[in-house]
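Below is one structure, written out as C-alpha cells, with a few remarks after it.
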Amino acid sequence: MFDGHDGRPDPSTPAPSPSASADELFMTALNLVVDHQNASASWLQRQMRIGYNRAAKLIEDLEKRGVVGPPNHVGKRDVLVAPGGEANTGSLKDRVGAAMVAAAQSLDGNALPMTLSTGDGKVLFENKAAREKREGAAT
C-alpha cells in the first residue's frame, strides 16, 4: 500500500455526486490510481464509493489509455504513470508520454535500435543503438 495510506477511503474527500459525468469520474479514478499506484476495481470502488461494475469499467478505460497495464497471472495491474512531480501535472497525453519516455530511457543500453516518436515525426527518445545506426547511415 502507498506510504501513509491504509486503503480506506479518505473521509475528507467526498464521494463523486451521483450525477457526476463520465469525464469527472474518469479524472477522479486517474488521480487516485496514479497518486496511490494501485489499480484494482475493488480498491477503486471503495475509494470512490461506486459500484463494482463502474469501477471495473474505469480500470478498463485506464488500461485502454495506457495508464495501467493488463492484469498479470494473478490479476494485478501495474500502474505505468509515476506519481508526483511534473509528470503528473499535465494532460493525460503528457503524463503517459512522460512515462513512456522514462521507460524507454531505462532501455538505452539495449542492443536493438529503438526510437520513440510522436505521430508527427518528432523524436522523443532514441537509444544508443538507434543513434549509432542513424549516424552510420549518415556517413
Side-chain angles (χ1 to χ4, degrees):
M1 196 54 54
F2 196 70
D3 288 336
H5 187 59
D6 60 5
R8 293 181 291 178
D10 182 2
S12 64
T13 305
S17 70
S19 63
S21 73
D23 290 341
E24 291 171 334
L25 288 173
F26 179 80
M27 289 309 295
T28 301
L30 172 68
N31 290 327
L32 282 168
V33 166
V34 171
D35 291 345
H36 295 282
Q37 294 292 290
N38 194 350
S40 78
S42 59
W43 179 82
L44 195 59
Q45 129 182 56
R46 289 190 307 273
Q47 296 303 307
M48 295 179 65
R49 299 175 190 103
I50 58 177
Y52 181 83
N53 289 340
R54 183 175 280 175
K57 181 170 179 351
L58 287 168
I59 292 291
E60 289 171 358
D61 290 346
L62 289 168
E63 180 182 359
K64 286 178 191 170
R65 295 180 186 221
V67 177
V68 300
N72 63 16
H73 66 285
V74 292
K76 298 254 183 207
R77 295 175 183 265
D78 291 326
V79 179
L80 306 176
V81 179
E86 292 182 23
N88 261 353
T89 59
S91 67
L92 175 61
K93 182 179 176 182
D94 294 339
R95 293 165 74 172
V96 171
M100 289 177 66
V101 169
Q105 287 172 339
S106 71
L107 300 171
D108 191 40
N110 195 333
L112 296 174
M114 181 177 65
T115 303
L116 183 64
S117 60
T118 61
D120 60 0
K122 177 182 171 190
V123 175
L124 299 174
F125 173 77
E126 186 176 62
N127 74 348
K128 183 178 177 182
R131 284 189 301 273
E132 289 171 354
K133 182 178 178 181
R134 180 180 42 82
E135 291 167 358
T139 57

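All residue numbers refer to positions in the sequence shown, counting from 1.
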* To do: Working to the nearest 0.5 Å, report the span between CG of Leu25 and NZ of Lys57.
  => 10.5 Å
* Rounded distance [0.5 Å steps], CE in Met48 versus CZ in Arg54 -> 8.0 Å
* Hey, does Val33 have a side-chain heavy atom less than 4.5 Å from the side chain of Leu58? -> no
* To do: Could you pull out the closest heavy-atom pair between Leu32 and Trp43, with the gap in Å?
  => O-CH2, 3.7 Å
* Asked: What is the minimum heavy-atom distance between Ala41 and Tyr52, and which atoms define it?
  -> CB-CE1, 3.5 Å
Residues 73-81, side-chain donor-acceptor partners within the protein, below 3.5 Å, at least two apart:
unit_1 : atom_1 : unit_2 : atom_2 : d
Arg77  : NH1    : Glu63  : OE1    : 2.7
Arg77  : NH1    : Gly69  : O      : 3.2

* To do: State which residues pass side-chain hydrogen bond (donor to acceptor under 3.5 Å, both in side chains) with Glu126; sequence neighbours excluded, sorted by chain then number.
  => Arg134
* How long is the gap from CZ on Arg46 to OG on Ser40, to the nearest 0.5 Å? -> 6.0 Å
* Structure fact -> For Ala55 and Leu44, the nearest pair of non-hydrogen atoms, with its separation, is O-CD2, 4.0 Å
